[in-house]
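Here's the structure, in structure tokens; my notes come after.
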There are 2 protein chains.
Amino acid sequence: MKQITKHNIRNSLRRIFLYHGLLVRLNTMGVTRVFSYTLAEGAGVTPEQVRKDFSEYRIRGNRRGGYLTVTLLSEMETLFNRDRISNVILVGMGNLGQALSKYGQFIQRGINIVASFDIDPYKQKARADSNVYPPGRLQEIIERFRVTIAIITVPDISAQEVCNDLVNMGIRGIVNFSPVLLKVPVYVVVNNVNLSDEIESVVMSVSRMKEE
Amino acid sequence: MKQITKHNIRNSLRRIFLYHGLLVRLNTMGVTRVFSYTLAEGAGVTPEQVRKDFSEYRIRGNRRGGYLTVTLLSEMETLFNRDRISNVILVGMGNLGQALSKYGQFIQRGINIVASFDIDPYKQKARADSNVYPPGRLQEIIERFRVTIAIITVPDISAQEVCNDLVNMGIRGIVNFSPVLLKVPVYVVVNNVNLSDEIESVVMSVSRMKEE
DNA sequence: TATGTTTTGTGATTTGTTTCACATTAACAC
DNA sequence: GTGTTAATGTGAAACAAATCACAAAACATA
């Protein structure tokens with residue numbers, strides 16, 4: 001098989017999401033100004049790390065005065081392209097797919113699932129109100145909504161095939177919940193999320209701890 | 001607030017889960033022997049990385065002969081404590097909780113959700129067959145099944161509180177799907193999984209790529 | 001306007017992780 | 001047996017990430 005490099009997601013960016021989450025909460029609590037150590041404390045990192053992360057993305061504060069909550073939020077949100085919300089599609093309406101399509105957190109975070117797809121005609125009919133389409137309409141909807149991001153929640157056997165199709169139809173970012181590591185061209189970003197692994201790694205760490 | 005250090009999960013261990021997944025598939029395909037580059041190719045890493053990871057966990061192969069699939073699988077599975085399956089509990093039966101409780105991949109991987117909990121009495125009744133209990137019965141069930149691992153899928157506001165309770169009741173490993181970073185004592189392992197972040201980071205990487 | 005204090009911003013250093021390079025070993029051919 | 005080849009296993013080197021340490025800036029106060 002031809003080696004296709006996966007485009008990975010920067011570490012510091014991951015943490016900036018974390019800071020953003022904290023910041024949203026602080027903001028609703030009426031906090032107007034934060035310091036690197038405020039965020040560090042909440043995120044479980046050092047204040048230097050917070051500042052380095054900001055520095056890397058050209059986010060700057062006020063020496064002595066810290067950061068204004070609203071400014072910081074809007075700078076992050078610009079960074080996240082959150083001024084306009086992100087339209088994504090979801091492929092595979094099994095248990096996980098259905099749960100994600102109803103997951104309230106997403107829209108609060110500017111992630112809008114414009115349509116879901118499944119080969120099962122029953123799932124298409126059963127939820128006619130909830131935008132579940134057959135895969136045949138993928139191309140049309142991707143173009144209509146100018147979607148570039150897809151969430152894959154299909155079974156492992158079909159995941160790579162679905163992925164290839166999506167890439168051919170113009171998808172440039174994929175969040176993959178199926179338990180296979182997808183191969184994509186370099187110009188496509190993939191984030192492989194394996195839920196079993198997430199749980200197993202905790203199981204393992206705990207049993208190792210007991211041994212020691 | 002007192003700083004409580006989070007016990008993190010080793011990087012190499014994460015990759016070993018990946019290799020394991022590949023290996024299971026190769027094994028069912030009838031492959032009896034693998035090499036470091038076989039796994040490396042499938043996991044998107046270098047062969048040296050694979051060998052280093054194995055080396056770290058005292059998994060050794062046969063020079064020139066590579067690794068026997070079944071031996072490697074059983075070595076990994078011993079490592080994962082997979083000889084006996086892991087009993088876990090799930091707290092919070094919202095959309096995501098329900099999906100996870102029905103997620104077929106888990107049992108295949110030796111993860112057994114012995115009971116689910118929710119404060120909503122409707123959810124307890126509605127699925128009387130499916131082991132949904134009120135939180136009042138947590139202590140009892142944790143002790144009865146000797147559970148040490150919990151999956152948290154409650155709303156963000158109650159997450160830290162639920163977490164504290166669980167730790168007091170003897171839980172030593174937590175997989176947290178609520179969008180807060182849980183603080184736990186050093187002897188507890190936490191894996192914070194934020195689904196919005198997983199998607200957002202892809203959204204962001206894609207929009208950065210377009211700019212360049 | 002000068003002085004002290006607080007907090008940022010970032011080069012320098014340390015720590016951690018991945019890759020390189022090659023000695024070591026096992027399998028096989030002859 | 002003996003030589004050749006194909007793999008592992010691992011110190012050393014290169015690279016990446018996190019922390020340290022301190023200069024620069026902003027503010028308060030006199």
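By convention in this document, chain letters (A, B, ...) are assigned in the order of the sequence lines, proteins followed by strands, and residues within each chain are numbered from 1. Predicted model, so just to flag it, every value in this text is computed and none were measured.
In this pair, A:Y19 and A:F54 present their aromatic rings perpendicular. The plane angle is above 60°, beyond the 30 to 60° band.
Among the candidates B:I149, B:I89, B:N87, B:L90, the single residue satisfying the side-chain contact (heavy atoms from CB on, under 4.5 Å) test with B:I113 is B:L90.
Between the CZ atom of A:R14 and the C1' atom of D:dA18 there is a distance of 18 Å, rounded to whole Å. As rounded to whole Å, 13 Å separates atom P of D:dG9 from atom CZ of B:F35. The nearest whole Å value for the distance from the CG atom in B:D53 to the P atom in C:dT17 is 11 Å. Between B:Y37 atom OH and D:dT8 atom P there is a gap of 7 Å when expressed in whole angstrom units. Residue B:F54 contributes atom CZ, which lies 10 Å from atom P of D:dT8 at whole-angstrom precision. Atom CG in B:L13 sits about 17 Å away from atom C1' in C:dG16, given to the nearest Å. As a whole-Å value, the separation of B:L68 CG from C:dA27 P is 10 Å. As a whole-Å value, the separation of B:I59 CD1 from D:dT10 P is 13 Å.
Residues A:H20 and A:E77 have side chains that bring a donor and an acceptor to within less than 3.5 angstrom of each other.
Remark: B:R109 engages A:D197 in a salt bridge, criterion side-chain N to carboxylate O under 4.0 Å.
In this structure A:E48 satisfies the side-chain contact (heavy atoms from CB on, under 4.5 Å) test together with A:T46, A:R51, sequence neighbours excluded. In this structure, the side-chain contact (heavy atoms from CB on, under 4.5 Å) partners of A:T38, at least two apart in sequence or on a different chain, are A:L26, A:V34, A:F35. The side-chain contact (heavy atoms from CB on, under 4.5 Å) check on B:S55 picks up nothing, with sequence neighbours excluded.
If you take CG on A:N192 and OG on A:S178, they are separated by 7.5 Å, rounding to the nearest 0.5 Å.
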Taking N or O atoms only and anything under 3.5 Å, show me the protein contacts with nucleotides 19-22 of chain D, one pair per line.
from: D:dT19; atom 1: OP2; to: A:T46; atom 2: OG1; distance (Å): 3.1
from: D:dT19; atom 1: O4; to: A:K52; atom 2: NZ; distance (Å): 3.1

Between the protein and nucleotides 23-26 of chain D, are there any N/O to N/O pairs under 3.5 Å, and if so, what are the atom names and distances?
from: D:dA24; atom 1: N3; to: A:R63; atom 2: NH1; distance (Å): 2.9
from: D:dA25; atom 1: O4'; to: A:R63; atom 2: NE; distance (Å): 3.4
from: D:dA26; atom 1: O4'; to: A:R63; atom 2: O; distance (Å): 3.0
from: D:dA26; atom 1: O3'; to: A:N62; atom 2: OD1; distance (Å): 3.4

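In the helix from C:dT1-D:dA30 to C:dC30-D:dG1, the terminal helix axes, each the rotation mapping four pairs' C1' atoms onto the next four within five end pairs, subtend 10°, rounded to 10°.
Checking the phosphate oxygens (OP1, OP2) of C:dT18, a side-chain nitrogen or oxygen of B:R15 falls inside 4.0 Å. Close to C:dT7, at under 4.0 Å from its OP1 or OP2, lies no side-chain N or O of A:R33. An OP1 or OP2 oxygen of C:dT10 is reached within less than 4.0 angstrom by a side-chain nitrogen or oxygen of A:S55. At C:dA26, none of the side-chain N or O atoms of B:Y67 fall inside 4.0 Å of OP1 or OP2 (strictly under the cut-off).
Contact check for B:D120 versus B:M93: no side-chain heavy atoms found under the 4.5 Å cut-off.
In this structure, the side chain of A:T69 engages the main chain of A:R33 through a donor-acceptor pair within 3.5 Å.
Between B:I85 and B:N112, the shortest heavy-atom distance links the atoms CD1-CB, 3.7 Å. The two atoms that bring A:V175 and B:E198 nearest to each other are CG2-O, 4.0 Å, heavy atoms only.
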